[in-house]
Amino acid sequence: QAKDAGRNAVRFFDPVMQQAVESRAALEADLRRAVPGQQLRLYYQVQVGDDHRPLGAEALVRWEHPVRGMVMPAQFIPVAEESSLILDVGHWVLDAACRQLAAWEKNAQMRNMVLAVNVSAQQFRMHDFVEKVTALTHSHGVNPARLKLELTESVVLNDVADVVAKMRALKEIGVKLSMDDFGMGYSSLAYLKQLPLDQLKIDQSFVRNIATDSNDAVMVQAIIDMAQNFRMEVIAEGVETEAQLDFLKRNGCLAYQGYLFSKPVPVDEFEQNVMISSPEPQTANFQLPPLV
Ligand code: C2E
Ligand code: MG
Ligand code: MG
Ligand code: MG
């Protein structure tokens with residue numbers, strides 16, 4: 001509209017492109033209100049061991065937009081990453097994850113859960129990132145060993161010495177570290193042995209075709225071998241079929257995440273699923289009241 005077209009307005013002759021730019025700008029403007037307006041939500045996707053028992057969860061952010069409805073991270077995380085908004089989103093996510101861990105520590109069936117949180121490169125690059133993580137675990141009274149940070153290979157693309165120093169400092173306070181979407185970029189391969197990682201997470205694009213594509217099968221076997229040689233855990237994401245699970249199990253990958261077990265769900269549903277799949281209380285002499 002003419003009244004919105006101030007002197008900074010960008011005009012394209014291509015109406016499709018014009019619309020794309022405007023809707024992205026609108027999304028960014030709305031995103032500014034997401035944190036203060038309490039519109040972000042955490043969903044939890046279970047991670048299971050080879051006995052199919054829950055080991056923990058990955059926290060995945062969603063944006064409950066007042067008009068658009070539930071917005072998925074693929075639509076707004078890239079927008080947030082283009083500005084410093086990702087720092088606000090990232091801090092909100094870490095704070096919410098620590099609050100959830102504190103609540104789980106009071107619950108006999110949940111207290112052993114490890115919660116994995118995605119950290120963006122921009123967030124990790126902040127000089128006070130380690131201090132922020134320390135402060136959040138302290139203020140919520142959370143055991144840092146229950147918190148696992150998922151870093152992507154783009155994190156390592158930055159100043160490697162600084163990255164290693166920060167990772168060591170995080171290990172020092174007891175936080176777990178996982179390399180997310182492993183195999184998507186090969187940049188970190190050269191540095192892998194220097195990085196104090198607890199876990200490699202095999203990207204779902206490799207998992208998708210392991211049972212049918214021999215190239216992907218070889219890739220996944222190589223990643224599993226590498227993780228074992230570096231004494232790291234290995235987890236596969238995007239496990240959807242029994243055939244994929246079977247291949248992973250046979251090749252020594254003993255932790256899984258994917259729709260075969262559960263999609264990401266709100267916390268109530270997550271807690272119920274965990275209780276259903278771990279019938280024996282993890283604390284002796286403790287009887288849970290029946291589920292209503
Ligand atoms: P990711 O960290 O690799 O998370 C895994 C994504 O795969 C999630 O998508 C999850 O819902 C999806 N997924 C899980 N199991 C399956 C499966 O069996 N099949 C298929 N096809 N997909 C599966 P989601 O929740 O849409 O998140 C997408 C990405 O957004 C995440 O990828 C992560 O990179 C980013 N993200 C999510 N939450 C956060 C956050 O709090 N902070 C940051 N910086 N990024 C986040
Ligand atoms: Mg992740
Ligand atoms: Mg991933
Ligand atoms: Mg992925």
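For clarity, every value in this text was computed on a predicted model and none was experimentally measured.
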Tell me which pairs pass side-chain hydrogen bond (donor to acceptor under 3.5 Å, both in side chains) where either residue lies in residues 35-50, with sequence neighbours left out.
Gln39-Trp63, Arg41-Glu64, Gln45-Gln257, Gln47-Gln257
Contacts of type side-chain contact (heavy atoms from CB on, under 4.5 Å), residue Lys132, not counting sequence neighbours:
His91, Asp128
Who passes side-chain hydrogen bond (donor to acceptor under 3.5 Å, both in side chains) against Ser205, sequence neighbours left out?
Asp203
Mind checking side-chain hydrogen bond (donor to acceptor under 3.5 Å, both in side chains) for Lys176 and listing every partner two or more places apart, or none if nothing turns up?
none
Can Glu58 and Asn118 be counted as having a side-chain donor-acceptor contact under 3.5 angstrom?
yes
Does Gln199 reach the side chain of Val234, with side-chain heavy atoms less than 4.5 Å apart?
no
Contacts of Asp246 meeting salt bridge (Lys or Arg N to Asp or Glu O under 4.0 Å) (sequence neighbours excluded), chain-then-number -> Arg250
Start with the C-alpha gap between Thr134 and Leu170, add the side-chain angles, then the distance that decides, and say whether side chain to side chain contact (heavy atoms under 4.5 Å, CB included) holds.
CA-CA 8 Å; Thr134 310; Leu170 288 163; 5.9 Å; no
So do the side chains of Asp180 and Glu237 get within less than 4.5 Å of each other, counting heavy atoms only?
yes
Test the Lys166-Phe129 pair against the cation-pi criterion, namely NZ or CZ under 6.0 angstrom from the six-membered ring centroid and within 45° of the ring axis.
no
Gln204 CD to Gln244 CD distance, which is reported to the nearest 0.5 Å:
10.0 Å
Trace of the side chain to side chain contact (heavy atoms under 4.5 Å, CB included) decision for Val156 with Met179:
CA-CA 10 Å; Val156 189; Met179 181 64 77; 3.6 Å; yes
Heavy atoms only: give me the nearest Gln109-Val274 pair and the separation to one decimal.
O-CG1, 4.1 Å
Tell me which pairs pass salt bridge (charged side-chain N to carboxylate O under 4.0 Å, His left out) where either residue lies in residues 29-38, with sequence neighbours left out.
Glu28-Arg32, Asp30-Arg33
Kindly list each side-chain donor-acceptor pair under 3.5 angstrom involving residues 215-229, sequence neighbours excluded, with atom names and distances?
{"from": "Gln221", "atom 1": "NE2", "to": "Asn251", "atom 2": "OD1", "distance (Å)": "2.8"}
{"from": "Gln228", "atom 1": "NE2", "to": "Gly252", "atom 2": "O", "distance (Å)": "3.4"}
{"from": "Asn229", "atom 1": "ND2", "to": "Asp225", "atom 2": "O", "distance (Å)": "3.1"}

I'd like to know whether Thr152 forms a side chain to side chain contact (heavy atoms under 4.5 Å, CB included) with Phe124, so could you lay out the CA-CA distance, the side-chain angles of the two residues, the decisive distance to 0.1 Å, and finally the verdict.
CA-CA 10 Å; Thr152 55; Phe124 190 84; over 6 Å; no
Here the ring-ring contact (aromatic ring centres under 6.0 Å, His included) pairs for residues 150-176, sequence neighbours left out, are none
Using the rule that two of Ile, Leu, Val, Met, Phe, Trp, Tyr join whenever any of their side-chain heavy atoms come within less than 4.5 Å, decide whether Leu248 and Ile235 are in one cluster.
no
Work out which heavy atom in Leu197 is nearest to a heavy atom in Ser178; give both atom names and the distance.
CD2-C, 3.9 Å
Answer yes or no: does atom CD of Glu172 have more than 12 heavy-atom neighbours from other residues, nucleotides or ligands under 6.0 Å?
no
To check you understand the geometry: which heavy-atom pair defines the closest contact between Pro196 and Met167, and what is its length?
CG-CB, 3.6 Å
When you look at NZ of Lys263, are more than 12 heavy atoms from neighbouring residues, nucleotides or ligands closer to it than 6.0 Å?
no
Per the salt bridge (charged side-chain N to carboxylate O under 4.0 Å, His left out) rule, what does the pair list look like for residues 77-99, sequence neighbours excluded?
Arg24-Glu82, Asp95-Arg99
Could you tell me whether the side chain of Ile202 reaches within less than 4.5 Å of the side chain of Phe182, counting heavy atoms only?
no
Sequence neighbours excluded, the answer for ring-ring contact (aromatic ring centres under 6.0 Å, His included) partners of His52 is Phe261
Set of residues satisfying side-chain hydrogen bond (donor to acceptor under 3.5 Å, both in side chains) with respect to Asp198, sequence neighbours excluded
Lys171
Assess whether side chain to side chain contact (heavy atoms under 4.5 Å, CB included) is satisfied between Tyr259 and Glu240, documenting all intermediate values.
CA-CA 5 Å; Tyr259 297 164; Glu240 294 182 353; 3.7 Å; yes
Contacts of type side-chain hydrogen bond (donor to acceptor under 3.5 Å, both in side chains), residue Arg231, not counting sequence neighbours
none
